[in-house]
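What follows is a set of notes on a single structure, which appears directly below.
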Amino acid sequence: MSRFRAGADGDDVTSEYNPAPERAAITVEDVSLSFGDLSVLEDVSLTIESGEFVGFVGPNGAGKTTLLRAISGALEPDSGTVTIGDTDVHRASAKASSRLVSVVPQDTTLSFSFPIRDVVEMGRHPHRSRFSSPTLEDREAVEQALERTRTVDLADRPIDEVSGGQRQRVVLARAIAQETPAMLLDEPTGSLDVNHQIETLQLVRELVEEGRAVCAAIHDLDLAARYCDRLVMLADGQLFRSGTPANVLTGASLSDVFDATATVTTNPITGTETVTALPKVDGSDSRDSGDGSAVRVHVLGTGSLASSVLARLETATAELDLSVGPVTAGDTAAETARSLDLERLEIPPFESLSPTDLTAFEDRIRESDLTVVIESVVKSGGVGSRQLVETVDSVADSVVFVTEADGDQSEEDSDVLPNYDRSRMIEATPETILESVDDALENGSQSAYSRSDSGSSETGSSSDGDSSTGVSAESSGD
Amino acid sequence: MERSVRTAAWSVGLSALLVAVVVGSAALGSVRIDPLTVAMATLNAVVIPSSVVLSETTVPWVGITVPVPGFAYTSVFAFDVPGGHQYIVENIRLPRIALAATVGFSLAAAGTVMQGFFRNPLADPSIIGVSSGAAAGAVAAIAFPALIPFGGLHLSAFVGALGTAFLVYAIATEGGRTPVATLLLAGVAIQAFLGAMISYMLVHSGDDLRQAVIWMMGHLANSTWSDVRFALPVTLVGVAVLLTYTREMNVLLLGEEDAHHLGVDVERTKLLLLALASIVTAAGVAVAGVIGFVGLVVPHIMRLLVGPDHRILLPTSALAGASFLVATDTIARLGTLSFPFGLEVSTPIVPVGIITAALGAPFFLFLLTRREVHSV
């Protein structure tokens, strides 16, 4: 490959090295590292092939940056080895290792006013001897790097007078000018706006396609999933999980490693994983139906409205036994339920409801203390959905009806569940779902007719003024 | 390309300035000599080695006489200059001016290196205790000559300076690494300790007190060509080697970890820069005493003019430092400040260190309030 030499005269025999990065894999073997008594990395082993983009993900303090620094040679591990190609990074000289691996650090603040071209030219330092002036090759590598990072226009401006995002690109340009087979990036998108995040990662992706082995510590899980071939999830200095983004980013692994409730869905536009973190579940919060078993709530509905209801119910209290269905596989609600690990009645796409499904649904409704019906099911008016609504109508204990907005829903819902006792049906929006569910459950467990006026969520929630903690406040009072 | 042209232009310009300042300085004094005569007398003083001669030297203690090779010198120029003027220029004014230029050159170069090395605008050549060490050595030699059996004042100061730098480095180094912050703190602590030692020696120095205090203020009076022969080669060699490390100095400005990633052997380079800067400083301080502010202010001014790139900053700072110290020492030597329109302000003849600090500090404050100086 002679990308960078395209414009140079072809017979440049004086150069000692191949300007295009050679291919070399990064091999990390049993690396352990501690700062004093604090163990930061424990027996981490991994391999990054050339042409592979591996993202390090994990919570703050998991050891992402430390692992990068151990790979770059900046930190000497207590045990284990890091090799790039055939070279042990920690035994090689600074010059030798800097020809193998370049680093884009997280903190790129530079307080002196070097012109940007000079900063990028520093990336050529590993290739230059003490007394030589820059060769044609050096100058071309610098110009190429400036062009690729779109910093040519800035080249003569002092580095301390450009924005953080521009500075980040300049440092990336420096790493590109270094022409190494391996590249490490620490939070490359940390200080960038949305537009430049994508631009930078696209460029990194290009560098990977050219055969570099690239690792990056990336906070943004969505971007990591979108651009990395493989993710390495670190937790407490250990390699927790490694694999494709879909395998690594699951609700279970996120809750284990990040201690967070999160849904992982497929982004409809990029087709890659999207992580949505949800408010934390209070572990002490418990709600049961009186006999010690969890309250069973079934959600009938699809789409984003159903997703949002599921997420809200799941994060409000872990003690609700939630189920959903029937949903079409791949539907947003199905994805959310999958990532929250909820029971779901799934039907394959483009297939109609089978009698078996319908029976299962009916059983589930019977077992549930409460059924939440999402507006769209009723509105769609299909044969399947009518059957479902009729089932709910005849067998459900309590029903909460969820509509999109607070607007004019009162006129339409008269024929939603014709046979159902209207006094026991509560209307809600996603925002008020918690209070409404609470209210419905309360009504269900007491006399069904004791509060005939509870037709709307507003009056229904009057027993509990604090709307955001409706469920937990009620339950602690039990 | 553009940068090397700029470097050359600045260096040539500052060299010309230095020549002008030297000639101007040599013209001034109790006996006024016109600059042309000064120039001719200066050129008359230039000699080149013309032949190798053997001289008989007796080896101390052993008592045998051995032939030692040496050079015989011939003058290159023979301008017609009055004998008195030739003597004043060649043997009284030029040694002092040459020494001022040498010391200014060394202090400004070392200051530039230290500021870059420590990435600290307050760093100066003596930040790791070089000047304190030199002062301790010199005061010891002045106050207690019996304690320093051989070598005399200059050597004692030189050894004190380098010994202190080495001690500070050794204290700050652990496990093969020398954190810059530790180095700075160790330097401050050692300087405080040496300050106490110097004060103690001064208290007990008796009649030598005045000589010791004047030495510590930094002075160039009574300079001889032998002082120049001691300081100049050390300074020139030291700065020449430093000039080959200017790219490393630039990369080190990015921080040590980045510098490592860019192929700089950080610890080895740090040791080398510290050692060279300390040697160069020690050479200047040993012959001229503690002259403050040259190493701090001159690099800052040059950084404003040429930028932070050491490839251009280091040579220009060194040259500017030489001119600066020659000019300030002229003021110290004359005892009179002449202004246009016949205005004359007479100043007492003082050690040059007082002039550099008295001029340098207000100028530095001016730059500071203008926010011109804020970082390295």
Side-chain angles (χ1 to χ4, degrees), chain A residues 65 68-69 71-76 89-90 92-115 117-134 136 139 156 158-160 170-171 174-175 177-178 180 182-184 186, chain B residues 1-8 112 115-121 174-177 240-270 272 299-300 303-313 372-376:
Chain A
T65 299
L68 284 178
R69 293 173 73 197
I71 295 174
S72 77
L75 286 178
E76 186 91 22
V89 172
H90 297 281
S93 70
K95 196 143 205 163
S97 66
S98 66
R99 288 180 184 184
L100 290 171
V101 58
S102 52
V103 179
V104 178
Q106 183 171 7
D107 177 23
T108 56
T109 313
L110 303 170
S111 62
F112 46 81
S113 53
F114 273 93
R117 182 176 274 108
D118 287 10
V119 175
V120 176
E121 194 198 279
M122 289 182 190
R124 298 303 299 169
H125 186 81
H127 301 289
R128 293 175 60 182
S129 73
R130 181 163 305 288
F131 300 103
S132 74
S133 54
L136 186 63
R139 283 199 294 278
D156 295 319
I159 184 77
D160 59 343
V170 171
V171 177
R174 190 184 76 198
Q178 214 171 326
T180 53
M183 190 183 273
L184 310 175
D186 196 355
Chain B
M1 274 309 100
E2 195 244 348
R3 191 196 54 253
S4 49
V5 171
R6 274 182 72 219
T7 310
T112 307
Q115 281 171 9
F117 179 96
F118 283 98
R119 287 189 284 155
N120 186 331
E174 198 189 344
R177 288 187 180 240
V241 179
L242 282 172
L243 281 172
T244 67
Y245 275 84
T246 47
R247 229 169 54 211
E248 274 87 347
M249 289 181 219
N250 286 346
V251 176
L252 271 174
L253 281 180
L254 300 172
E256 291 184 15
E257 197 160 316
D258 278 20
H260 172 82
H261 293 146
L262 291 171
V264 174
D265 187 340
V266 173
E267 293 305 329
R268 202 182 70 90
T269 308
K270 272 160 67 183
L272 197 125
H300 275 299
R303 203 173 276 114
L304 289 177
L305 293 174
V306 304
D309 189 335
H310 286 97
R311 287 171 292 190
I312 173 164
L313 180 63
E372 303 267 18
V373 174
H374 45 83
S375 62
V376 171

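In what follows, every chain begins at residue 1, and chains take the letters A, B, ... in the order their sequences are listed.
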Those residues that, when tested against A:Glu76, pass salt bridge (charged side-chain N to carboxylate O under 4.0 Å, His left out) (two or more places apart): none
I would like to know whether A:Asp118 and B:Arg311 meet side-chain contact (heavy atoms from CB on, under 4.5 Å); could you show each step before the answer? CA-CA 11 Å; A:Asp118 287 10; B:Arg311 287 171 292 190; 3.9 Å; yes
Picking from A:Ser102, A:Ser72, A:Ser98, what satisfies side chain to side chain contact (heavy atoms under 4.5 Å, CB included) with B:His261? A:Ser72
What I'd like to find out is whether the side chain of A:Ser93 reaches to under 4.5 Å of the side chain of B:Asp265, using heavy atoms alone. no
Between B:Leu253 and A:Phe114, the two heavy atoms sitting closest are CD1-CE1, 3.5 Å
Contact check, side chains of B:Asn250 and A:Glu121, non-hydrogen atoms, under 4.5 Å: no
Between A:Gln178, A:Lys95, A:Met122, which has the largest tally of heavy atom pairs under 4.5 Å with chain B? A:Met122
Nearest heavy-atom contact between A:Ser97 and B:His260 is OG-NE2, 4.4 Å
Looking at every non-hydrogen atom in both residues, tell me the closest pair between B:Val264 and A:Ala94 and how far apart they are. O-CB, 3.5 Å
Identify which part of A:Arg174 has an atom lying under 4.5 Å from any heavy atom of chain B, answering side chain, backbone, both or neither. side chain
Tell me the closest heavy-atom pair linking B:Thr244 and A:Arg130, and the distance in Å. O-NH1, 2.9 Å
Below 4.5 Å, heavy-atom pairs only: which of B:Glu248, B:Arg247, B:Glu257 has the largest tally toward chain A? B:Arg247
